[in-house]
Amino acid sequence: MSVPVSVEPPSPPPPRRSGFQTLRTQAASVPRAWLPGAVGYACLLIGLLDVASAVFPKLRRTRMHSFAGQLPGGTTTLAAVGTLMVGLLLVLLAHALRRRKQRAWRAVCVLLPIGAALHILRWHQIGPAVVSLVLLVVMLVHRGEFYAKADPRTRWRAVANLIVMGTVSVLLGLLIVSVRWKAEIHDPSMLDRLQHVVYGLFGFEGPIDYNSDRISDLVAYLLGALGLVTAGTTTYLALRPERPEPELTAEDEEKVRALLARHGERDSLGYFALRRDKSVLFSPTGKAAISYRVVSGVMLASGDPVGDVEAWPGAIKVFMAEAREHAWVPAVMGCSETGGEVWTREAGLDALELGDEAIVDATTFSLAGRAMRNVRQMVKRIERNGYSCKVRRVSELDPEEKFRIAEAAARWRGTDTERGFSMALGRFGDPGDDDCVVVTAHKAPEEGAAGEDTAYGPEDDLKAVLHFVPWGPDGISLELMRRDRAADPGLNELLIVAALQAVPALGVRRVSLNFAMFRSALARGERIGAGPVLRAWRGLLVFSSRWFQIESLYKFNAKFQPAWEPRFLVYPQTRDLPRIGFAAMQAEAFITLGMPKFGRKRQRQGLMPAPARPEVTEAA
């Protein structure tokens with residue numbers, strides 16, 4: 001009996017590629033870092049030439065200008081208006097094109113042939129039309145270079161666009177009106193010109209009259225085009241779907257907390273990955289994670305990856321793939337030396353020493369000795385003034401006291417926005433943060449003066465607060481330091497000393513204090529024998545300390561005789577440092593851009609949201 005045997009048909013051979021297809025595939029696989037920038041600047045140049053040719057009448061008087069009379073006047077006028085609109089849009093899209101944005105590529109591919117057709121229709125110049133078409137061909141051939149997705153967005157960009165484009169439209173409108181002064185019937189003033197421009201942007205006739213209907217129509221159409229571009233782009237930005245801002249979901253937070261429970265002792269900044277205004281990416285195995293926020297096109301992470309060191313390379317690869325997908329600049333603030341080595345090895349990035357972290361061993365800390373003399377005297381003096389401290393876990397506080405501390409810390413803040421990104425949690429009293437340590441300073445009100453100016457009456461003796469987040473099972477990291485500005489000097493020293501003396505009873509051995517930027521440069525620059533370059537660099541840092549707490553933080557931390565742990569900035573190229581620095585200052589809230597003060601949400605991440613104050617019922 002024969003058994004049937006199934007024979008699979010042979011698979012067809014792969015299709016043969018022509019030589020052109022092979023070369024095109026090879027060309028697409030080779031990255032060209034310079035190409036998007038070159039295309040973007042070419043787009044910007046074409047857009048500026050289009051705007052200039054529409055605004056200045058002399059630029060249209062070429063050899064072929066005489067043929068323009070053969071076309072209807074309205075045709076050439078509308079072509080000039082279309083050229084202006086296309087030019088403005090090309091200028092707006094040039095930056096996104098340099099950043100490899102896919103939507104910008106699609107829009108420019110539509111605008112370039114339209115602009116070329118308008119140039120030919122007006123019989124103005126063949127050159128710009130040819131350049132536009134050549135650029136279009138280049139963009140089509142290298143379309144693979146423009147792959148980046150859109151950035152997270154908010155509708156406040158519509159407000160910014162309205163302000164910027166409105167200003168540009170008014171200035172261009174004044175230029176359009178001013179260059180045609182020979183055709184004006186009367187001698188209008190600057191106020192008349194401005195009024196004519198504003199009316200024209202809204203489609204109304206202004207106070208200026210021209211001796212030619214064609215010039216009058218051209219000016220009206222150009223001004224209307226400026227108003228239309230401003231209104232159109234603003235409406236698009238306002239009505240397009242809004243993507244959510246970066247946030248840490250409940251599921252991601254649970255995973256990060258699990259990683260911190262197993263590997264949290266590796267990095268003192270690990271707990272700050274739980275900021276709720278950060279997004280998080282996990283390694284393929286889920287054993288490591290990187291939290292980040294996108295600021296001004298920079299994908300900004302802080303500290304080392306959370307989790308198993310062996311899984312860090314997988315998380316870094318996911319991070320870099322996300323940055324490439326959106327054409328963001330990857331950067332890491334405040335990573336350790338081990339983290340810097342892994343980042344530079346796995347991602348091909350470079351590292352720069354940013355400063356040092358002050359770490360104190362609480363089990364060996366003592367006020368004895370000549371080195372601690374100033375701190376010892378300051379602490380004794382402020383204790384004689386009636387101050388005392390309490391060191392507790394946040395879980396030991398009742399809701400009323402949590403509210404008092406949160407409200408006082410917000411009241412003592414000197415800025416509208418809570419500063420901090422890499423070493424700040426941005427919240428207090430959250431149920432998930434019960435392991436945090438809070439240190440409060442108190443002073444009993446003087447007799448006869450209590451209860452008049454305080455928020456809660458005579459019992460409100462709170463004068464300062466420190467807030468520490470967990471650093472593994474035996475460490476804490478300073479997150480917040482606030483005090484009443486009317487309190488006596490030396491209160492911060494008292495808080496730190498009280499914390500260092502009390503936390504060993506809570507099972508804490510390591511205490512991370514403030515981060516001192518450029519600490520090594522300040523220390524070496526003040527030593528004997530320092531060279532002129534080092535002294536000049538130190539002088540610049542001391543001068544900058546007038547606005548940024550550089551020298552003061554270093555000297556404050558040095559009082560407690562800490563061990564210094566270097567921290568690094570990881571970046572792709574030197575030319576990216578200014579952009580990364582600007583984004584870092586935005587993230588740390590040293591620079592605030594965007595919505596006006598009256599439109600901000602009071603309880604958003606970055607401010608300190610306080611728990612709901614419990615209701616107090618009066619006794620009957």
Side-chain angles (χ1 to χ4, degrees), residues 266-270 272-273 290-292 295 298-305 309 312 316 319-320 329-360 420-424 471 477-478 510 512-527 529-545 547-558 560-588 590:
R266 303 195 66 92
D267 186 15
S268 62
L269 305 186
F272 300 116
I290 298 175
S291 62
Y292 69 93
V295 183
V298 177
M299 191 176 182
L300 201 60
S302 61
D304 293 340
V309 176
W312 286 6
I316 291 174
F319 181 88
M320 296 300 294
V329 177
V332 184
M333 292 176 54
C335 66
S336 67
E337 188 170 0
T338 301
E341 291 176 354
V342 178
W343 274 101
T344 55
R345 183 182 68 246
E346 298 295 333
L349 305 178
D350 204 351
L352 175 68
E353 186 173 347
L354 193 60
D356 294 88
E357 179 186 9
I359 299 176
V360 180
F421 168 74
S422 56
M423 296 187 69
W471 172 17
S477 182
L478 180 60
R510 301 174 298 171
S512 172
L513 301 180
N514 284 314
F515 173 75
M517 290 188 62
F518 307 112
R519 196 275 315 176
S520 59
L522 290 170
R524 292 196 300 265
E526 63 184 359
R527 293 177 184 171
V533 176
L534 190 57
R535 289 185 180 275
W537 174 229
R538 181 183 180 277
L540 179 61
L541 293 176
V542 173
F543 177 76
S544 302
S545 297
W547 299 276
F548 309 103
Q549 295 180 344
I550 300 176
E551 185 184 27
S552 58
L553 279 179
Y554 158 58
K555 290 186 175 181
F556 179 83
N557 292 335
F560 306 99
Q561 303 298 311
W564 298 102
E565 294 291 336
R567 290 281 174 172
F568 297 86
L569 171 68
V570 178
Y571 61 96
Q573 298 179 7
T574 304
R575 66 184 182 186
D576 296 319
L577 285 177
R579 183 176 179 181
I580 294 173
F582 182 74
M585 294 185 72
Q586 285 183 263
E588 298 287 354
F590 287 108

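Under a cut-off of 6.0 angstrom, the local environment of CZ in R510 is crowded, with over 12 non-hydrogen atoms contributed by other residues, nucleotides or ligands.
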> Run the side chain to side chain contact (heavy atoms under 4.5 Å, CB included) check on V309 and R266 step by step: do they pass?
Replying inline: CA-CA 9 Å; V309 176; R266 303 195 66 92; 3.0 Å; yes
>> Would F515 and L354 count as a side chain to side chain contact (heavy atoms under 4.5 Å, CB included) here? Give the steps.
In response: CA-CA 10 Å; F515 173 75; L354 193 60; 4.2 Å; yes
>> I'd like to know whether M517 forms a side chain to side chain contact (heavy atoms under 4.5 Å, CB included) with L553, so could you lay out the CA-CA distance, the side-chain angles of the two residues, the decisive distance to 0.1 Å, and finally the verdict.
In response: CA-CA 8 Å; M517 290 188 62; L553 279 179; over 6 Å; no
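Note that the CG atom of D350 and the CG atom of L577 stand 8.5 Å from one another [nearest 0.5 Å]. Interatomic distance, D304 CG to E337 CD, rounded to the nearest 0.5 Å: 11.0 Å. To the nearest 0.5 angstrom, T574 atom OG1 is 9.5 Å from I580 atom CD1. With values rounded to the nearest 0.5 angstrom, D267 atom CG is found 10.0 Å from T338 atom OG1. Put simply, CG on N514 and OG on S477 are 9.0 Å apart, with the number rounded to the nearest 0.5 Å. To the nearest 0.5 angstrom, R567 atom CZ is 4.0 Å from L269 atom CG.
In this structure, W343 and F319 have perpendicular ring planes: the angle between them is above 60°, well past the 30° mark.
For the pair Q586 and V298, the minimum side-chain heavy-atom distance is 4.5 Å or more. Between P305 and I290 the shortest side-chain heavy-atom distance falls below 4.5 Å. V329 places a side-chain heavy atom less than 4.5 Å from the side chain of P572.
Taking all atoms of both residues into account, the shortest heavy-atom contact from L300 to A584 is CD2-CA, 3.9 Å. Pairing each heavy atom of A587 with each of F421, the nearest pair is O-CB, 3.5 Å. In this structure, A516 and N557 approach most closely via the heavy-atom pair CB-ND2, 4.2 Å. When every heavy atom of W564 is checked against every heavy atom of A358, the shortest pair comes out as CZ3-CB, 3.7 Å. Nearest heavy atoms, W471 versus S268: NE1-N, 3.3 Å. Among all heavy-atom pairs drawn from M423 and L513, the shortest one is CE-O, 3.8 Å.
Between the side chains of E565 and S336, no donor N or O sits under 3.5 Å from an acceptor N or O.
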